[in-house]
Amino acid sequence: MYKKTIKQLSSALQNKDFSSEELVSSYLQRCDSHNSNLNCFISLMPETAIAQARSADKKIQNGEAGPLTGIPLAHKDIFCTNGTKTSCGSSMLDNFIAPYDATVVTRLNEAGMVTLGKTNMDEFAMGSTNETSFYGAVKNPWDTARVPGGSSGGSAAAVAAKLAPVATGTDTGGSIRQPASLCGITGLKPTYGRVSRYGMIAYASSLDQGGPITQTAEDAAIMLNAMAGFDERDSTSAEQAVEDYTKDLNESLDGLKIGLPKQYFDGQLDASIESVIQAGVKQLEKLGANVKEIELPNSELSIPAYYVIASAECSSNLARFDGVRFGHRCDDPEDLTDLYLRSRAEGFGKEVKRRIITGTYVLSAGYYDAYYLKAQKLRRMIRDDFRSALEDVDVIIGPTAPQTAFKLNEFIDDPISMYLSDIYTVSVNLAGLPAISVPAGFANELPVGMQIIGNYFAESRLLNIAHQFQQATDWHQQSPVGFD
Amino acid sequence: MSLEKSDIDKIAWLARISISEEDTPNYLHDVSNILELVEKMNNVDTDNIEPLAHPLEITARLRDDKVTETDQRKHFQEIAPAVDNGHYLVPKVIE
Amino acid sequence: MATDIKWETVIGLEIHAQLATKSKIFSGAATTYGADANTQACAVDLGLPGVLPVLNQQAVEMAIKFGLAVDAHIADKSVFARKNYFYPDLPKGYQISQFELPIVGNGDIEIQLADGSKKIIGITRAHLEEDAGKSVHDGFFDNTGVDLNRAGTPLIEIVSEPDMRSAEEAIAYLKKIHSIVRYLKICDGNMQEGSFRCDANVSIRPMGQEELGTRTELKNLNSFKFIEQAINYEIERQIDVIESGAEVVQETRLYDPNKNETRTMRSKEEANDYRYFPDPDLLPVCIDQETIEAIKKELPELPDAKRERFIKEFDLSEYDSDVITASRDQAEYFEDTVNAANGEAKLSANWVMGELSAVLNKNNTDITNSPVSAEMLGGMIKRIKDNTISSKIAKQVFEAMCNGKGNADEIIDNQGLKQVTDTGAIEKLVDDVIAANPDQVKQYQESPADKQGKLIGFFVGQIMKQSKGKANPQQVNQLLQEKLK
């Protein structure tokens, strides 16, 4: 039953082919047997999962079920779950039992979903390999000597290995799309403000956005239906009405205008990746799309702008971890200063500290204009590039990541190379646009994702394109050996 | 812009993160590299560009002035490292 | 250094006024003062991981009201910024404040000094921000206890220009702002509870010099008296420092009211680098002209205007008008009293400032909780005016009203306090008293005219006693003088 999409699971549950409890038990068993190898989960929640499954079964019996009732899922450990450890991949929060539910968690609970557990992630979502996690690296199910990508690596690996039919993720600079690409699954980063950030532990507030990690675009649409929507607890959440994201899935792609940014295919892109993307684009042309080359002249600057803004925001967002009200506190502090200095030094890992130090520096007196303000100006230029490009084309297509999954430890002491691998994803966060990564083929037997970037709140269109692509291809149905 | 050890010391203090003497050169090296990377920004003329703080240029929605929260002190303090008589405890602060 | 230099003091004030909203500026927790520690600190106030702020509309409107009251520019776009520093009473490690784009821009107010002279004081800006929690240093052995109930209470910080030249001017300015925020009902003004606080920037320079001297910032000023003492102490201290050949150091100084002195808290070198940047969790606040106009229409009459109007309309003295309009509630009570008293303003003013004020003081309450309503007080004053009761009997009636015995007319009826004005009845009382006291009559008639005035008092007293105070004193006097001739 773990081979099914959530769309299929839902019909099976409604048809009483099996109960939610049977389904959930089966997944929990699968998690048990594979987690020690893959390290996808920080916490598994068998007791609450079975209880949730039983109550879902009652709803199904009573005919009160919705499309997600009784479907298991995994939450990235960045979403607060009341009564359960919410670690954010950090030693700082190893003892943190969240006292409330994130809005996303509430919404999916209300939709009747069953939480299997909390997935591993780069510490505080800072990383592109999942190796910065306090709980150790997640292994890529396609090759366990490789990383799953990050920061939502645990969620992506869990869905790829079918330890959960679907998972939540968050994307600040590519953290949903890049691991989806590296694990051969579908990952959607919605428009900034589409999904509430309340209860999602902040990394960089003006960039963070939650979204679904799924096997198919159709599943992503079903998930987004439940996740999206205005939240009065999040000032930055969009008041725009939520549409039914499944309604346009079967629209034809006839006349679709695709833009290929010249800067994404500039010769530096690995040829094996490029050929996968070009083949994907060809496929879409066959489905009726027209392709033209476009310009995103400032895309190279998105990495510097992103690392300045994200570091600056994180340096402030992570100031609340001070050992006073929750989280790690050092033993026997001598005085207040000692309490702060040691609790934070002990609680945060290396990459987090690097970014806090960088962010503190770029905001400090005398450097604010040269770094932070400059980055914000570039952010406008980058956003405007996308805006004008999207006046001519409906969507922009390119690779999700410049490479397939890295080897474990490849970048551990080379943060700059790791940062540079975010080249195709961070600009989308700077602009606040929605984008989806769909499996489009393989390079050296590792999955390659194709990124489709749309206009603000055009998630329906993205899901439609991705779904049509998946109707015509079977890349998303490939399973890693040992997990099929 | 090259960083010096004293910069790292100052910034680490502002961020309240203690960095050991032996770790300081690593941070100096890494953060200098990051700054070198971001200094590519200086190649672009941004003179007439307005900074953009938020991707969607929308304005604040305001909340009605209503009390919606109830006392959850017990629940919230269960996860606190040190409390006494409803207060969070820190080592004595001298003013 | 020559000691015959005349020094000029330059003072600027930063006032923090807590806004009287029901809930906090960025959360739905209550703002009630005095609750048990941390019972009014919700997830947002505690800065739990993942929480987000949502701005309180009422706080914004209150800030706009203040801006309009001091003729300031209201920003069509204002932005919240984070002020980053670590302190136990600051849960998030930053305070949400406003930096580059405050909600209220340049404004000014007029102050009046004891000698009657007037002066305009500029207001640089006023911005919205959240209050911090409180550290409790006693009762936790080697620890400090942190109570975050106050964290997130809305504040406006009102920053003045360095326009004040003496402690007297500073106090006049502060009192003016205090009265404005209370008139606007945006702040309860309670300085003991910390809802109205003030920091003072003080410097001195040789008279005539344009350039400002080095300033110190005085903190911990929680009463008008302490502010005045602290500023005066600091002026003297700075003069001493300079005249002894040393230099004033830019620093924050704490005022100790027990010792009446200021002492160093932190110097500029130790000052924080606050790393202000726009809060990415909050969007810009945009205020359109319509909103401003609508709020403008709701503004109450402000203290200056009311004071002037009372002088003109009710013929009050400047002093009386000052006292009456010191608070908006008292001024409104007074005006309601006058209306209920058929326009009798002078008596109303006397009663409000006199008996009523004494009763309120005695009961330690304020005019909004007065045991006697303005209608009741006005009703009684009407009876004084139409001679139903004398001023003396009125005190008795007022006391009965305070004790809940009903309104003036009921009390006068029930207790038979109506003044006797019937000439026949008074004449009979006069005749009886004269007949009963032949010796005193004789003494009176034999006395020289200038002594008679004193002696007549005896008869008046006897008659008032017989009438239980109800005989009209003027009529009694007149009849006695006629009959004793």
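What you see is a predicted model; the values in this text were computed from it and never measured. So that the names make sense, note that chain A is the first sequence line, chain B the second, and so on, each numbered from 1.
Considering OG of A/Ser205 and NE2 of B/His54, their distance stands at 7.5 Å, rounded to 0.5 Å. Between the CG atom of A/Leu318 and the OG1 atom of A/Thr360 there is a distance of 10.0 Å, given to the nearest 0.5 Å.
Donor-acceptor pairing under 3.5 Å is recorded for the side chains of A/Glu459 and A/Thr191. Checked by atom type, the side-chain pair B/Glu39/A/Tyr371 shows a donor-acceptor distance below 3.5 Å. Counting only N and O atoms by type, the side chains of A/Glu300 and A/Gln263 include no donor and acceptor under 3.5 Å apart. Residues B/Thr46 and A/Lys374 bring a donor and an acceptor atom of their side chains to less than 3.5 Å of each other. Side-chain polar atoms of A/Arg379 and A/Tyr306 form no donor-acceptor pair below 3.5 angstrom. Residues A/Asp414 and A/Ser417 bring a donor and an acceptor atom of their side chains to less than 3.5 Å of each other.
Formation of a donor-acceptor pair under 3.5 Å by the A/Lys189 side chain with backbone atoms of A/Leu433 is found in this model. Side-chain N or O atoms of A/Asp208 include one that pairs as donor or acceptor with a backbone N or O of A/Ala204 at under 3.5 Å. In this structure a side-chain-to-backbone donor-acceptor pair under 3.5 Å is missing from A/Ser90 to A/Phe348.
Residue A/Ala319: no heavy atom, backbone or side chain, is found under 4.5 Å from chain B. Both the backbone and the side chain of A/Ser206 have a heavy atom closer than 4.5 Å to some heavy atom of chain B. Both the backbone and the side chain of A/Ile97 have a heavy atom closer than 4.5 Å to some heavy atom of chain B. Within the 4.5 angstrom heavy-atom criterion, no atom of B/Ala60 approaches chain A. Heavy atoms of A/Ser311 lying under 4.5 Å from chain B are absent altogether. With a threshold of 4.5 angstrom between heavy atoms, A/Glu346 does not approach chain B through any atom at all. Looking at A/Ala375, both its backbone and its side chain come within 4.5 Å of chain B, counting heavy atoms on both sides. Contact annotation for A/Phe230: only side-chain heavy atoms (C-beta onward) come within less than 4.5 Å of a heavy atom of chain B. Interface residue B/Leu56: only side-chain heavy atoms are found under 4.5 Å from chain A. If you measure heavy-atom distances from A/Tyr192 to chain B, the contacts under 4.5 Å come from both the backbone and the side chain. With a 4.5 angstrom heavy-atom cutoff, A/Leu430 touches chain B only via backbone atoms. Only the side chain of A/Ile416 comes within less than 4.5 Å of a heavy atom of chain B; its backbone N, CA, C and O stay farther away. Interface remark: B/Ile19 contributes side-chain atoms only to the contact with chain A (heavy atom separation under 4.5 Å). Heavy atoms closer than 4.5 Å to chain B are found in the side chain of A/Tyr456, but not in its backbone. Of the atoms belonging to A/Tyr372, not a single heavy atom falls under 4.5 Å from chain B. Heavy-atom distances place no part of A/Asp332 under 4.5 Å from chain B, backbone and side chain included. Interface residue A/Arg325: backbone and side-chain heavy atoms are both found under 4.5 Å from chain B.
Chain B forms more heavy-atom pairs under 4.5 Å with one residue of A/Gly432, A/Ala345, A/Ala305 than with any other, namely A/Ala345. The candidate from B/Glu69, B/Lys92, B/Glu78, B/Lys10 with the greatest count of non-hydrogen atom pairs under 4.5 Å with chain A is B/Glu69. Comparing B/Leu14, B/Val44, B/Ile58 by heavy-atom pairs within less than 4.5 Å of chain A, the highest count is held by B/Val44. In terms of heavy-atom pairs under 4.5 Å with chain A, the best-connected choice from B/Ala82, B/Ala80, B/Pro81 is B/Pro81. Listed options B/Asn33, B/Val38, B/Asn42 were ranked by heavy-atom pairs under 4.5 angstrom with chain A; first place goes to B/Val38. Here A/Ile357 is the residue among A/Thr358, A/Leu207, A/Asp384, A/Ile357 with the most heavy-atom pairs under 4.5 Å with chain B. Chain B forms the most heavy-atom pairs under 4.5 Å with one residue out of A/Val362, A/Leu378, A/Leu420, and that residue is A/Leu378. The candidate with the highest count of non-hydrogen atom pairs below 4.5 Å against chain A, out of B/Asn26, B/Ile34, B/Asp23, B/Val31, is B/Ile34. Residue with the most contacts toward chain B among A/Arg355, A/Glu232, A/Arg354: A/Arg354 (heavy-atom pairs, distance under 4.5 Å). Options A/Ile356, A/Val324, A/Leu339 differ in how many heavy-atom pairs under 4.5 Å they form with chain B, and the most are formed by A/Val324. Counting heavy-atom pairs closer than 4.5 Å to chain B, the top residue among A/Lys350, A/Glu334, A/His328, A/Met381 is A/Met381.
In this structure, A/Phe321 has its ring center closer than 6.0 angstrom to the ring center of A/Phe124.
Look at A/Lys377 and B/Asp47 and you find no salt bridge, because none of the NZ, NE, NH1 or NH2 atoms lies under 4.0 Å from a carboxylate O. Of the charged side-chain nitrogens involved, at least one lies within less than 4.0 Å of a carboxylate oxygen, so that B/Asp9 and B/Lys5 count as a salt-bridged pair.
Other residues, nucleotides and ligands contribute at most 12 non-hydrogen atoms within 6.0 Å of the CG atom of B/Asn48.
With respect to A/Asp231, the side-chain hydrogen bond (donor to acceptor under 3.5 Å, both in side chains) criterion is satisfied by exactly one of A/Thr236, A/Thr103, A/Thr106: A/Thr103.
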